[in-house]
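Each ligand, and each atom within it, is numbered from 1 in the order the structure gives. Since the structure is predicted, the reported quantities are computational estimates derived from the model, not experimental observations. Computation of the quantities below employed the complete heavy-atom set of this structure, encompassing side-chain atoms and omitting hydrogens, waters and symmetry-equivalent molecules.
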Amino acid sequence: MRGVSNIVVLTGAGISAESGVPTFRGPGGLWEGHRLEDVCTPEALADDPVLVHRFYDERRAALESVAPNAAHVALARLDRDWPGELLIITQNVDDLHERAGARRMLHMHGELKSSLCAACGDRRALAGMLPPGAVCDVCSAAALRPDIVFFGEMPHDMERIEAAVANCDLFVSIGTSGAVYPAAGFVRTARYYGARTLELNLDPTAGSIFFDETRQGAAGVLVPQWVEEMLA
Ligand code: APR
């Protein structure tokens with residue numbers, strides 16, 4: 001990987017699978033046990049706020065019993081030791097990257113441990129449960145909701161992400177099925193602007209054909225190997 005100084009890493013549910021956080025698609029995935037229309041759309045939140053809030057309260061509580069795995073730890077090491085630019089963009093709403101020590105990162109699909117005020121847009125750290133009708137500290141509206149980007153909503157930080165993807169020399173996708181846009185399109189943007197592209201995933205994905213190189217295996221094995229190569 002000579003000549004690389006600016007890296008963008010995109011992560012998805014597969015990087016947290018070995019920590020025991022369920023992925024979305026495939027056997028045992030979250031979308032097998034729930035209809036995403038019932039818990040992950042603005043309409044669902046309006047129709048049944050109790051159900052939607054409870055779904056995310058339960059997932060937030062479940063974070064207490066999981067821990068970062070070797071892949072999160074390796075990316076945090078890359079963040080600490082990589083002398084060039086780096087941005088880790090995660091689609092995950094768990095907090096395992098930051099618990100491993102990653103700092104140069106953002107959550108494009110929101111965070112379980114954050115609330116969002118539907119009235120003023122304030123996002124802030126959240127511990128414990130979030131009942132419907134909770135009041136915003138900033139604007140006093142009874143409008144706090146989980147800070148989760150629902151289907152049909154704009155992901156967070158898109159301007160910064162698009163600039164980073166267009167400017168990187170190496171784009172690496174880890175543990176994501178490439179089924180959800182806009183994240184699924186980042187590889188093509190990165191390639192268009194001349195970046196090298198690498199996919200690390202357990203299975204072939206819908207996006208595999210767009211990568212210069214695809215390595216198949218568990219993130220807990222492949223990510224530490226790749227980080228070792230980058231820092232050698
Ligand atoms: N190591 C590497 N990859 C893995 C592992 C593992 N141990 N386990 C599973 N995978 C791969 C699967 O093969 C699959 O390709 O991770 C991918 C997970 O795909 P999804 O479940 O679709 O998760 P993700 O790509 O993050 O989903 C994107 O969809 O509904 C949503 O908003 C949600 O952010 C999420 C988005």
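G14 O, 3.5 Å is the protein heavy atom nearest to atom 5 (C) of ligand 1. The protein atom (non-hydrogen) at minimum distance from atom 3 (N) of ligand 1 is L202 N, 3.2 Å. Scanning the protein for heavy atoms near atom 14 (C) of ligand 1, the closest one is N201 ND2, 3.9 Å. Here the heavy atom of the protein found nearest to atom 30 (O) of ligand 1 is W31 NE1, 2.9 Å. Residue, atom and distance of the protein heavy atom nearest to atom 35 (C) of ligand 1 are F24 CE1, 3.5 Å. Atom 23 (O) of ligand 1 has its closest protein heavy atom at A13 CB, 3.5 Å. The protein non-hydrogen atom at the shortest distance from atom 25 (O) of ligand 1 is T176 OG1, 2.6 Å. Residue, atom and distance of the protein heavy atom nearest to atom 28 (C) of ligand 1 are Q91 OE1, 3.5 Å.
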Audit row: R196, D169, salt bridge (charged side-chain N to carboxylate O under 4.0 Å, His left out) steps and yes/no: CA-CA 6 Å; R196 222 176 311 172; D169 324 301; over 6 Å; no
Derivation and outcome, salt bridge (charged side-chain N to carboxylate O under 4.0 Å, His left out), residues R215 and E213: CA-CA 7 Å; R215 300 182 191 171; E213 185 186 348; 2.8 Å; yes
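Judged by distance alone, the side chains of S173 and T176 never bring a donor and an acceptor atom under 3.5 Å apart. Residues S5 and E85 have side chains that never bring a donor and an acceptor to within less than 3.5 angstrom of each other.
The environment of CE in M129 is sparse: at most 12 heavy-atom neighbours from other residues, nucleotides or ligands sit within 6.0 Å. With a 6.0 Å radius and a threshold of 12 heavy atoms from other residues, nucleotides or ligands, R160 has its CZ atom at or below the threshold. Atom CZ of F151 is surrounded by more than 12 heavy atoms from other residues, nucleotides or ligands within 6.0 Å.
For S177, heavy-atom contacts with ligand 1 shorter than 4.0 Å involve the backbone as well as the side chain. Counting heavy atoms closer than 4.0 Å to ligand 1, residue V180 contributes side-chain atoms (C-beta onward) but none from N, CA, C or O.
Remark: ligand 1 and A219 share an N or O pair separated by less than 3.5 Å (distance only, no angle test). No N or O atom of G178 sits closer than 3.5 Å to an N or O atom of ligand 1. Residue N92 places no N or O, backbone or side chain, under 3.5 Å from any N or O of ligand 1.
Close contacts of ligand 1 with G12, meaning ligand atoms under 4.0 Å from a residue heavy atom, involve 26 (O). Each of the atoms 8 (N) of ligand 1 lies under 4.0 Å from some heavy atom of A17. Here is the list of ligand 1 atoms found below 4.0 Å of a heavy atom in G175: 3 (N), 16 (O), 17 (C), 18 (C).
Residue contacts with ligand 1 include G217, since one or more of its heavy atoms lies under 4.0 Å from the ligand. Ligand 1 lies within reach of A218, whose nearest heavy atom is under 4.0 Å from it.
The side-chain heavy atoms of D212 and L198, taken from C-beta on, include no pair separated by under 4.5 Å. Considering only heavy atoms from C-beta on, H107 comes within 4.5 Å of E98 through its side chain.
Taking all atoms of both residues into account, the shortest heavy-atom contact from S19 to P68 is OG-C, 3.8 Å. Considering all non-hydrogen atoms of both residues, T197 and A190 come closest at CG2-CB, 4.4 Å.
For atom 13 (O) of ligand 1, the nearest non-hydrogen atom from the set T11, V149, D203 comes from D203. When the heavy-atom distances from atom 32 (O) of ligand 1 to E18, H109, H107 are ranked, the shortest goes to H109. Looking at E199, R25, R215 and measuring to atom 27 (O) of ligand 1, the nearest heavy atom belongs to R25.
V172 and M108 are not part of a single hydrophobic cluster, where members link through side-chain heavy atoms under 4.5 Å apart.
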